2 protein chains.
Amino acid sequence: MTLNTYNKEDKILLAVDCIIFGFDQEELKILLIKRNFEPEQGKWSLIGGFLKKEEILDEAATRVLQHLTGLNEIYMEQLHTFSKVDRDPADRTLSVAYYALIDLSQPDKNTLLKESAKWFTLKDAPKLIFDHNLMVERAMARLRRKALSKPIGFELLPEKFTMRTLQKLYEAILDNKLDKRNFISKFNSLDILIKLKEKDTSSSKKGAYLFQFDAEKYKRKVEEGFSFKL
Amino acid sequence: MTLNTYNKEDKILLAVDCIIFGFDQEELKILLIKRNFEPEQGKWSLIGGFLKKEEILDEAATRVLQHLTGLNEIYMEQLHTFSKVDRDPADRTLSVAYYALIDLSQPDKNTLLKESAKWFTLKDAPKLIFDHNLMVERAMARLRRKALSKPIGFELLPEKFTMRTLQKLYEAILDNKLDKRNFISKFNSLDILIKLKEKDTSSSKKGAYLFQFDAEKYKRKVEEGFSFKL
DNA sequence: GCAAAAGTGTTTTACCTACACCCATGC
DNA sequence: GCATGGGTGTAGGTAAAACACTTTTGC
């Protein structure tokens, strides 16, 4: 297929790195892996891999995540492309960063394929290789910005959740306390949650009503330009 | 420097494409160029070029813009990386899109180096090659989103401008009419403009006060997490 | 009966919105 | 003196923010 038109141009290695956020009903976590090849073998890193010639970026990100953790059907979003010339000392490599949010209360998502992969709370995360810390910072900023205008984070919760859990998630993302009553009435007014008859009694004697995300309603609202301010 | 670690990985061509928005006090425009090489020679395209091995993306974007238009010291921002496998029929090529805003009232920015480059109003822009129309759409969406929460667009204006001009810019970006009084009091309350004693008499007999962007104040506010809602 | 978490409303305040008239000047 | 664009303020509604007590139940 190649027409030889671009023969003189440089070809470059393209990596994909994934910032995987998880929420375990209490804290926001991030998935890291101990690198098992040079350079920087043995250091902690984001999960990543190289883009193959016949692949699009979204596929590569999905493949990398699936391969190193067994996780699949995870919603990922492209974040930014990092290009500092010496960011990887082994070779000139660009990296396209992706980020995702996953629900750690589902046991199958909590168990990781590789021994070398591990969940860290954001505060305890070690220093990472290359520019990976920068990537995490940027992903965190994006997550925060999105959380303020979109009901992001349904990917980070089990199918059924309590208002308390939802609020804790938002508090973890935004890193501040929110008022319980205002939070609830805000989400009620958005009209994208279904209140179930069931209760969750795992964390209290009284039990808390479970809610579900109304994906249909939300989709319709998004099409009309839905967004809110928390 | 290469450690041979990544020898088996694919290397890929990386392009940089620039969506250059301009504002001439009346309308929002976009800079396009008639392509003078294959494939798609003679068709309209964004300005673009290939990333060189020793270059970072921001530099490549700047170089491409400078080389094809003579424009320099333009603020650009990375938008998104496009990776559809057959987006360029000549060879597998990824493209990192950048966007910029420039002020067309300064005569030196209005004159273009190459005959083949031309400013189009958004409505009159022709169909573009590859996925460039998609890039423009996405850049436009980003610009709109940013305009609603940041005093973007100071890059699109001369150093001194009237409130009327600023409002017209916002109307062009958001594609709707705004109320004069509300707009002015909004911007006044943000406290990032300096009202000058000078007036601009080019568009009226009475003359309109000129304003300047207070970069210092704005920087301080940004550090404190400044943002607004228009 | 008390500890622990759930649930629930009201008041105040800030901001957004809609709206219309006078002013200064050049011709 | 009139046409053209420039400048200005207020009132009403909506949404955000602050705030405290009662309920349920297991122990």
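These numbers come from a predicted model, not from an experiment. To find a chain, count down the sequence lines: A is the first, B the second, and so on, and within it residues start at 1.
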Minimal non-hydrogen separation, A:Phe183 against A:Met163, with atom names: CE2-O, 4.1 Å
Look at the side-chain N and O atoms of A:Arg164 and state whether any lies under 4.0 Å from the OP1 or OP2 oxygen of C:dA6. yes
Can you spot which of B:Lys84, B:Arg138, B:Arg87 makes a side-chain hydrogen bond (donor to acceptor under 3.5 Å, both in side chains) with B:Asp131? B:Arg87
Inspect the surroundings of NZ in A:Lys146 and state if more than 12 heavy atoms from other residues, nucleotides or ligands are less than 6.0 Å away. yes
Starting the side chain at C-beta, find the nucleotide from C:dA20, C:dG7, C:dG9 nearest to B:Lys180. C:dA20
Testing D:dG7, C:dC19, D:dA16 for proximity to the side chain of A:Lys229, the answer is D:dA16
Nearest 0.5 Å please: distance from the CD atom of A:Gln25 over to the OG1 atom of A:Thr165. 4.5 Å
Main-chain N/O of A:Ile56 paired to A:Glu59 side chain as donor or acceptor, under 3.5 Å: yes
When rounded to the nearest 0.5 angstrom, what is the spacing between CG in A:Leu14 and OG1 in A:Thr81? 8.0 Å
Runs of at least three consecutive pairs that involve DNA chain C, where pairs are Watson-Crick or G-U with distances under 3.5 Å: C:1-15 with D:13-27, C:17-27 with D:1-11
Establish whether the base of D:dA17 is bridged to the side chain of A:Arg181 by a donor-acceptor pair shorter than 3.5 Å. no
Within residues 197-206 of chain A, find the residues that approach DNA chain C with a heavy atom at under 4.0 Å, and present them sorted by residue number. A:Ser203, A:Ser204, A:Lys205, A:Lys206
Among A:Tyr170, A:Phe213, A:Phe211, A:Tyr218, find the one that has a ring-ring contact (aromatic ring centres under 6.0 Å, His included) with A:Phe154. A:Phe213
Residue pair B:Thr121 / B:Asp124, side-chain donor-acceptor N/O under 3.5 Å: yes
Shorter than 3.5 Å, N or O on both sides, protein versus nucleotides 11-15 of chain D: list them out with atom names.
none

So, B:Glu77 versus B:Tyr98: side-chain donor-acceptor pair below 3.5 Å or not? no
Measuring from A:Phe23:CZ to A:Lys168:NZ, what's the distance to the nearest 0.5 Å? 7.0 Å
